[in-house]
Amino acid sequence: MRSSVITTLTFLVVAHLVNTASIGSGENIKCDNPIVVFETLIGEDKNVKLTESHCDNAPFVTAQGDVVSSLTRRQEASTLVCDAQCNTFCFGPGGGGPNEGDCAVIADALLFDSENGDDNFNTTQMGTLTSNITLQFRSCTTFFLNQATTNLTYCNRDWSALVNFLAGHCNAAHGAHGGLCVAADGRWFVQVEHTHNSSAVA
């Protein structure tokens, strides 16, 4: 019974957070020359690799899914962005995406940490030491990138729901190989993709 309750709650959370997915032909957003400042393992089995870093020159992504070199800055609201809506964009064409089961391990690790510690985590403003938080398990990699001019606080439970949603809706069956969800105000995004290197936790 507990499993069906969790499934229902996850669906409700995702329905609240995510606007309809659209398929594009764009490439995954890449972090060039990531500068790592911290690494650890999370989850009940300590098998999901967490990395805090920042990118040399990661492009910005608008709420409309466009990749740009800069964003128009505006008065920014609360730095707590849990429960914030985001717009989903899937990367086409289909094939070559992460294994959904590997992504589910990451989602479960996020929920475990949420239920057994602090649900919130902090990221520093764009381009500073820990503006990019990456999670990796086997074929699945996901990251949260802060695009704002302020520090942001996000929730593990929301990230977990997005990982499951993106892995399930931006896959080969839907003509995609991963995707991202960009905050409606453009201040952050979560991406799910296939792991690019051999440093993933086995």
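Along the sequence shown, residues are numbered consecutively beginning with 1.
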I'd like to know if the side chain of [X] and the backbone of [Y] have a donor-acceptor N/O pair within less than 3.5 Å.
X: Thr40; Y: Leu50; answer: no
X: Asp119; Y: Asn156; answer: yes
X: Thr130; Y: Thr123; answer: no
X: Asp108; Y: Val105; answer: no
X: Gln147; Y: Phe189; answer: no
X: Asn151; Y: Gln125; answer: yes
X: Asp158; Y: Asp83; answer: yes

Flag side-chain contact, heavy atom, 4.5 Å: Leu41 against Lys49: yes
Are Leu162 and Cys86 close enough that some pair of their side-chain heavy atoms sits under 4.5 Å apart? yes
Kindly compute the distance separating SG (Cys170) from CZ (Phe165), expressed to the nearest 0.5 Å. 7.0 Å
Would you give the length of the straight line joining atom CG of Leu145 to atom OG of Ser131, rounded to the nearest 0.5 angstrom? 5.5 Å
When you look at His169 and Thr88, which way does the side chain to side chain contact (heavy atoms under 4.5 Å, CB included) test go after all the steps? CA-CA 10 Å; His169 287 79; Thr88 305; over 6 Å; no
Assess the side chains of Asp102 and Ser139: does a donor N or O sit below 3.5 Å from an acceptor N or O? yes
No-hydrogen, no-angle side-chain donor-acceptor test under 3.5 Å, Thr141 and Thr195: yes
Kindly give the heavy-atom pair with the smallest separation between [X] and [Y], and that separation in Å.
X: Gln191; Y: Phe91; result: OE1-CZ, 3.5 Å
X: Gly43; Y: Ala109; result: CA-CB, 3.6 Å
X: Val48; Y: Phe137; result: CG2-CB, 4.2 Å
X: Asn99; Y: Gly101; result: OD1-N, 2.6 Å
X: Cys140; Y: Ile106; result: O-CD1, 3.5 Å
X: Gly92; Y: His177; result: O-CE1, 3.2 Å

For Phe112, enumerate each residue passing the ring pair (Phe, Tyr, Trp, His ring centres under 6.0 Å) test, keeping only those at least two apart in sequence or located in another chain. none
Measure centre to centre between the rings of Trp159 and Tyr154, then say whether the value is under 6.0 Å. no
Using the side chain to side chain contact (heavy atoms under 4.5 Å, CB included) rule, take Cys155 and Asn120 through it: C-alpha gap first, then chi angles, then the decisive distance, then the call. CA-CA 4 Å; Cys155 301; Asn120 296 346; 3.3 Å; yes
Quick one: do Phe38 and Leu135 end up in the same hydrophobic cluster if we chain Ile, Leu, Val, Met, Phe, Trp and Tyr together by side-chain heavy atoms under 4.5 Å apart? yes
Stepwise side chain to side chain contact (heavy atoms under 4.5 Å, CB included) test for Asn132 and His54: CA-CA 5 Å; Asn132 184 32; His54 68 279; 5.5 Å; no
Derivation of the side chain to side chain contact (heavy atoms under 4.5 Å, CB included) call for Asn146 and Thr124: CA-CA 7 Å; Asn146 182 349; Thr124 56; 5.7 Å; no
